[in-house]
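Heads up, the thing below is written out as structure tokens.
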Amino acid sequence: MWWGRRRDAVGDVGLAAVSALECAWEGLPFAREAGIPAVVGVLFGIAVGAALVLRRRWPIAVVLVGVAVTPAEMGFLLSVVALYTLASSEVPRRITATLASMSMAATFVVMYLRTRGDAVDEPTLVISLSVFVAVALTVPPVLFGLYIGARRRLMESLQERADSLERELSLLADRAEERAEWARTEERTRIAREMHDVVAHRVSLMVVHAAALQAVAAKDPVKAVRNAALVGDMGRQALTELREMLGVLRAESPKPAAAGGAGAGPAVVVPVALAGGFEDGPSLGELEVLVGQSRAAGMVVELDVRGAGAGCPAEVEQTAYRVVQEALTNCHKHAPGARVVVRLAHREGEVAMQVENGPCDGKAAEPGLPSGGNGLVGMRERVLGLGGVFVSGPTDEGGFKVSAVLPIR
């Protein structure tokens, strides 16, 4: 049927039954005045009163039925409930005003005609009483219906807004989870690059020095002791850097205050490395020490620095250092005995670096260092992450060259 809920149907049927009883009772005097059988008047009243069951489906028709039976002095409950239903429905306001005016006029006329004979000498009283009854039976149900209709529309609008906000919050939560997952992936990649750079370089030098120590242990004990000391120093440096990175990973940033009030989600705890980065990382000022370590391992390295390096951001200096470090590590792995040239140029608005090695010395033995193939990938990611340019590849002389340019701003 047309009822959305069962209790609405039960309520309408109950009201229609009460209205039918009222109209049937009022149909008896109507039958006597009209000169028709009482049974006909009662049946007519039942049919009129039962029309109230259609008030939600056809409110205009029910109001017109109430207006039509007003001269018979029946259907007062029918008229009041029908006017309320009409005013609270989605019927245009001009139609509601027209039908309410018709009902008020009909009630006024019937009341005036019924009371005129009893108070012939008081026409003002008759008119005032007729107006009062017409207004009392028409205006209150219409006003109450308008209020209920406006309130229902407001609640529906608020419900729609609540549903919309819930969908938006769900979408924002999904996007936040995606961003968090992306951030975790980026951080894992960055940590992997840091650990690769630190461990690979230090351990590569340790392996080279260990091989040299093994070769000269019997022939030159003094040099063997010096190489052993270098291996120990590099091992301690590697452990120190690893402890620093692990400490950064274990540290947690303060929980940010919820910006959204009660509707905001729980604060997310992220590693410090995710938020800020390794502020105590190496800088270009330590490049001479880095090159000296490779020289101590037996590599012929030339360092060429041009321009003043003042005012470079920490992340630029750290990235430049890591690129040179990884390039030297690759030289130890893949170009033993080759001559290496490290160039660094501070230009206006950028820092350029290049690590180039010549052809390998055929007499030098491979150190046997494992390679995961992530060195060049990590360098490229670092440089591109700062908006720089990275190029690597073999040279015409049979060597290999790594070049990068990093913008300062």
Side-chain angles (χ1 to χ4, degrees), residues 194 196-209 212 226-227 229-231 233-234 237-238 241 280-361 364 367 369 375-376 378-380 382-383 386 388-408:
E194 286 290 331
H196 174 271
D197 291 345
V198 172
V199 175
H201 181 73
R202 299 295 184 192
V203 174
S204 297
L205 291 179
M206 290 170 63
V207 172
V208 172
H209 280 291
R226 187 168 59 251
N227 286 343
L230 288 173
V231 171
D233 291 340
M234 291 177 185
Q237 291 175 6
E241 292 182 353
D280 298 331
S283 64
L284 291 177
E286 304 173 35
L287 205 58
E288 186 67 38
V289 177
L290 178 66
V291 172
Q293 293 173 352
S294 295
R295 288 171 179 165
M299 180 183 290
V300 179
V301 186
E302 177 185 348
L303 177 61
D304 182 13
V305 180
R306 300 182 183 181
C312 291
E315 60 270 18
V316 174
E317 293 204 9
Q318 179 177 349
T319 300
Y321 179 92
R322 292 301 188 195
V323 169
V324 175
Q325 182 186 55
E326 180 60 25
L328 289 176
T329 301
N330 288 341
C331 292
H332 284 289
K333 290 181 180 179
H334 308 296
R339 181 176 178 273
V340 181
V341 179
V342 179
R343 300 181 179 89
L344 180 69
H346 297 278
R347 300 195 286 257
E348 183 178 359
E350 63 183 16
V351 176
M353 67 225 66
Q354 184 183 86
V355 179
E356 180 179 358
N357 64 270
C360 300
D361 186 358
L369 294 170
L376 293 177
M379 285 189 283
R380 181 182 300 275
R382 285 180 178 275
V383 174
L386 294 180
V389 179
F390 180 83
V391 179
S392 63
T395 62
D396 296 336
E397 292 78 13
F400 199 84
K401 180 171 60 177
V402 172
S403 302
V405 179
L406 295 173
I408 294 178

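- In this structure, Val341 and Arg339 approach most closely via the heavy-atom pair CG2-NH1, 3.4 Å.
- If you run side chain to side chain contact (heavy atoms under 4.5 Å, CB included) between Val342 and each of Val305, Asn357, Leu303, Asp304, only Leu303 comes through.
- Remark: of the listed residues Glu302, Arg306, Met353, Glu356, Glu356 is the sole one forming a side chain to side chain contact (heavy atoms under 4.5 Å, CB included) with Arg343.
- Distance alone, capped at 3.5 Å, is enough to place a donor-acceptor pair between the Glu317 side chain and the Leu284 backbone.
- Gln293 has its side chain within reach of Leu290: a pair of non-hydrogen atoms, C-beta onward, lies under 4.5 Å apart.
- For the residue pair Val340 and Val355, the shortest heavy atom distance occurs at CG1-CG1, 3.9 Å.
- The stretch residues 394-404 participates, sequence neighbours left out, in these side chain to side chain donor-acceptor pair (under 3.5 Å) pairs: Gln354-Ser403.
- Of all the heavy atoms in Ala338 and Gly358, the pair that sits closest is CB-O, 3.4 Å.
- The shortest non-hydrogen separation linking Asn330 to Met379 is ND2-CE, 3.9 Å.
- Residues Glu288 and Arg295 are paired through a salt bridge, judged by an N-O separation under 4.0 Å between the basic side chain and the carboxylate.
- With values rounded to the nearest 0.5 angstrom, Thr329 atom OG1 is found 6.5 Å from His332 atom NE2.
- Nearest heavy atom pair, residue Gly307 against residue His346, reads O-CD2, 3.6 Å.
- With rounding to the nearest 0.5 angstrom, the SG atom of Cys331 is 9.5 Å from the CZ atom of Phe400.
- For Ile408 against Val316, the heavy-atom pair with the smallest separation is O-CG2, 4.4 Å.
- Looking only at side-chain heavy atoms (C-beta outward), Val383 and Val389 stay at 4.5 Å or farther from each other.
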